[in-house]
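Note that ligands are numbered from 1 as they come in the structure, with each ligand's atoms numbered from 1 the same way. Side-chain atoms are counted along with the backbone in the values below, which use heavy atoms only and exclude waters and symmetry mates.
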Amino acid sequence: MIYSIVAIGDPVLKTKAKNLAADLPAADLQQLIADMFETMYYAHGVGLAAPQIGKGVRLFVIDSGPMVEVDEEDREELEPPIKRAFINPVMVSETGEEWGFEEGCLSIPGVRELVTRPADIVLRYEDENRQVHEEAFSGMAARIIQHEYDHLEGVLFTDKLSAFKKQLLKGKLARISKGDVKHDYRMRFATDGKRR
Ligand code: NI
């Protein structure tokens, strides 16, 4: 099932997500994860967090494959692509040199801005079988995980921009929140159903 993606302006994107219950039936969890991957691929995203489909729980999925650079000479991937679900993640550490990358977000269509983040992370999380891992990530996988993890904390990449950049974007983000934006996947706006 493909979910509508919640646009910026909805309170669910500004709220810290709650841990996914340990007693959630495995079949329900598998279905939710499958639906999130389907929704993410449909929208041509590389990551999707549960709040973006209106669910305030600590779960996100990523597939860094489309973002992983290929060495043109050897036709080899420069880092292993990671396709995975992350449940109840805890950011253990963020270290290394900060680097900038133009990020986008399915909840903020048409906006791309340079965001600076530390290069290396260690994340503790449960996999789709609720097995706990503590694992180091770097490169594009770390970048996507940091972006999705922020969603669980109620933080959007636009929150991390300079006051000057935020001011420049203010009008555009307000228009997006009202649905005044081009998007080629199904979206849900906070103003839906209200008088505009
Ligand atoms: Ni996002």
A.B. asks: At distances under 2.8 Å, what protein N, O or S atoms surround the Ni ion (ligand 1)?
C.D. replies: Cys105 SG, His147 NE2, His151 NE2
A.B. asks: Which pairs of donor and acceptor atoms, one on a side chain in residues 20-40, lie under 3.5 Å apart (sequence neighbours left out)?
C.D. replies:
unit_1 : atom_1 : unit_2 : atom_2 : d
Gln30  : NE2    : Glu128 : O      : 2.9
Gln31  : NE2    : Asp35  : OD1    : 3.0
Asp35  : OD1    : Met1   : N      : 2.9
Glu38  : OE1    : Met1   : N      : 2.7
Thr39  : OG1    : Tyr3   : N      : 3.0
Thr39  : OG1    : Asp35  : O      : 2.7

A.B. asks: With a 4.0 Å cut-off, would you call Glu148 and Arg58 a salt bridge?
C.D. replies: no
A.B. asks: When you measure from the side chain of Gln146 to the backbone N and O of Pro118, does any donor-acceptor pair fall under 3.5 Å?
C.D. replies: yes
A.B. asks: Please name all residues satisfying salt bridge (charged side-chain N to carboxylate O under 4.0 Å, His left out) with Lys166, sequence neighbours left out, ordered by chain then number.
C.D. replies: none
A.B. asks: Under the ring-ring contact (aromatic ring centres under 6.0 Å, His included) test, which residues partner Phe137, sequence neighbours left out?
C.D. replies: Phe86
A.B. asks: Which residue is it: Lys160, Arg112, Arg143? I am looking for the one with a side chain to side chain donor-acceptor pair (under 3.5 Å) to Glu103.
C.D. replies: Arg143
